[in-house]
Amino acid sequence: MKKGTILMFVALIFVLITACSSATSTNSVDKADLILQTNEVTIDQATPTDATDATDLTDLTDLTDLTDLTDLTEPTDSNLPDKHTSEQLITEELEKKGHLPQGFVYLDEYIPSAQQVMGYSGEINFVGMPIDGYLAPFAIATEEAALALQAISDELEQQELILVFYDAYRPQKAVNHFIRWSLDEEDLLMKESFYPREEKSTLFKKGYLSKRSGHSRGSTVDVTLAHADTGEELDMGSPVDMLDVISNFNTKQITQEQAANRQILKQLMTKHNFKSYSKEWWHYTLKDEPYPNEYFDFDVE
């Protein structure tokens, strides 16, 4: 073979080698780019929130949105019930029926400063449920008793004290409820609160309850005293309706201060023609009651 032919053959081989190397390099770059692009797509697809979502979430929690969310949960004047509306509803719920027999009155109309804690219309009493005949928490009495209590209230005003009524007129059906309750030996729901040291079966025998109550005649009240400025009751040594010897007026189980408070109440009540009951420091009956032999049964409403 001639020398020139050999050189041309070598040059052709060199060109072919160079071209192959270039193609391989290009293919590698393309393949790398393809892998990178594929990975980017995979990453984008795996990420739950893109840049736009992140911005949206930030917008939901910035100061402006927090203010908006607060506005939705904070009480505003438009969300709160109107005070006067609430008072009106309460007044309507407690509206007196006014169907009283002649000679009977609502005590709050004669003694507006007095408090009324009428537990027999609810569950806070020695039975633990609303008592028959007590359809509303109102103290009712004969007008004669109301006028005498009004005079006591006027005198108490000078001492910055007020009357607190726990019961007044009591329907005979309520007394009958007490009798039925006393016969249920298993019902001891309120024993610890109202007769912890007495057997339920003996409450009538011992005079804590009566099958014919003076309350049903309309001129008997269960009453105590409280400070006019705070409404806090004077300490009498035992609560109203505590069916226990500690509630006896002359018990030795109370302090001198407690005994003195009982004496303040008794002096005022007896001064205005009420007689006391030795076993219950809170129980007083008008001496000249207008219905001494009649037991009423109309509802308290």
Less than 4.5 Å apart, any side-chain heavy atom of [X] and any of [Y]?
X	Y	value
Leu147	Tyr110	yes
Val223	His283	no
Ser216	Pro171	no
Met190	Ile124	no
Ser210	Val175	no
Tyr295	Arg212	yes
Met118	Asp167	yes

Could you grab the distance from atom [atom1] of [X] to atom [atom2] of [Y], nearest 0.5 Å is fine?
X	Y	atom1	atom2	value
Gln116	Tyr106	CD	OH	10.5 Å
Phe138	Leu100	CZ	CG	10.5 Å
Leu135	Ser121	CG	OG	9.5 Å
Gln263	Asn250	CD	CG	8.5 Å
Thr251	Trp281	OG1	CH2	13.0 Å
Leu265	Leu156	CG	CG	8.5 Å

Residue pair [X] / [Y]: nearest heavy atoms and the distance that separates them:
X	Y	answer
Ile131	Ala174	CG2-CB, 3.5 Å
Asn125	Gly119	ND2-O, 3.0 Å
Ser153	Ile111	OG-CG2, 3.3 Å
Glu233	Val164	OE2-CG1, 3.8 Å

Legend entry - Derivation of the side-chain contact (heavy atoms from CB on, under 4.5 Å) call for Tyr208 and Phe194: CA-CA 11 Å; Tyr208 294 114; Phe194 288 93; over 6 Å; no
Donor-acceptor pairs are to be reported for all side-chain atoms of residues 181-188 against protein atoms at under 3.5 Å, with residues two or more places apart or in another chain.
unit_1	atom_1	unit_2	atom_2	d
Ser182	OG	Ile179	O	2.6
Asp184	OD1	Glu186	N	3.2
Asp187	OD1	Leu189	N	3.3

Could you tell me whether a side-chain N or O of [X] sits under 3.5 Å from a main-chain N or O of [Y], the two making a donor and an acceptor?
X	Y	result
Lys191	Glu198	yes
Glu143	Gly103	no
Arg217	Glu294	no
Gln258	Thr255	yes
Asn273	Leu286	no
Thr202	Glu199	yes
His215	Tyr169	no
Asn261	Leu234	no
His177	Asp132	yes

Inset, instruction - Would you tell me whether Tyr277 and Asn248 have side-chain atoms, one donor and one acceptor, within less than 3.5 Å of each other? - result: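 Checked: Tyr277/Asn248 side chains show no N/O donor-acceptor pair below 3.5 Å.
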Legend entry - Ser247 and Trp282: side chain donor to acceptor below 3.5 Å: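 Result is no, nothing qualifies.
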Inset, instruction - Anything under 30° is parallel, anything over 60° is perpendicular, the rest tilted; go ahead and classify Phe298 against Phe104. - result: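 Correct class here is perpendicular.
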Legend entry - Lys/Arg N to Asp/Glu carboxylate O, Asp222 vs Arg170, below 4.0 Å: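 Answer for the salt bridge query: yes.
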Inset, instruction - May I ask you to decide whether Lys97 forms a salt bridge with Asp299, counting only side-chain N to carboxylate O separations under 4.0 Å? - result: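 Between Asp299 and Lys97 there is no salt bridge, as every charged N stays at least 4.0 Å from the carboxylate O atoms.
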Inset, instruction - Starting from the C-alpha separation in whole Å, work towards a yes-or-no answer on side-chain contact (heavy atoms from CB on, under 4.5 Å) for Gln115 and Ile162. - result: CA-CA 8 Å; Gln115 295 181 6; Ile162 58 174; 3.8 Å; yes
May I ask whether [X] and [Y] are part of the same hydrophobic cluster, defined by side-chain heavy atoms of I, L, V, M, F, W, Y residues being less than 4.5 angstrom apart, directly or through others?
X	Y	value
Leu243	Phe249	no
Val117	Tyr120	no
Val240	Met269	yes
Val221	Leu209	no
Ile264	Tyr284	yes

Legend entry - Partner of Phe126 under ring-ring contact (aromatic ring centres under 6.0 Å, His included), chosen from Tyr166, Phe178, Tyr195: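 When Tyr166, Phe178, Tyr195 are each tested with Phe126, the ring-ring contact (aromatic ring centres under 6.0 Å, His included) holds only for Phe178.
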Inset, instruction - Would you kindly check if the NZ (Lys) or CZ (Arg) of Lys287 is within the cone defined by 45 degrees around the ring axis of Phe274 and under 6.0 Å from the six-membered ring centre? - result: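 Relative to the ring axis of Phe274, which defines the angle, Lys287 lies outside at least one limit.
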Inset, instruction - Check the surroundings of atom CD in Glu157: do more than 12 heavy atoms from other residues, nucleotides or ligands lie under 6.0 Å from it? - result: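 No.
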Inset, instruction - If a pair satisfies salt bridge (charged side-chain N to carboxylate O under 4.0 Å, His left out) and one of its residues is in residues 269-283, list it, with sequence neighbours excluded. - result: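 Matches after skipping sequence neighbours: Glu155-Lys271.
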Legend entry - Stepwise side-chain contact (heavy atoms from CB on, under 4.5 Å) test for Leu149 and Leu107: CA-CA 9 Å; Leu149 291 165; Leu107 285 180; 4.1 Å; yes
Inset, instruction - May I have the step-by-step check of salt bridge (charged side-chain N to carboxylate O under 4.0 Å, His left out) for Lys96 and Glu109, ending in yes or no? - result: CA-CA 11 Å; Lys96 305 183 189 78; Glu109 296 178 0; 3.8 Å; yes
Inset, instruction - Start with the C-alpha distance between His227 and Leu161, add both sets of side-chain angles, then the distance that settles side-chain contact (heavy atoms from CB on, under 4.5 Å), and finish with yes or no. - result: CA-CA 5 Å; His227 297 283; Leu161 295 172; 3.9 Å; yes
Inset, instruction - Go through Asp154 and Gln150 one step at a time and tell me if the side-chain hydrogen bond (donor to acceptor under 3.5 Å, both in side chains) criterion holds. - result: CA-CA 6 Å; Asp154 292 342; Gln150 186 180 59; 5.8 Å; no
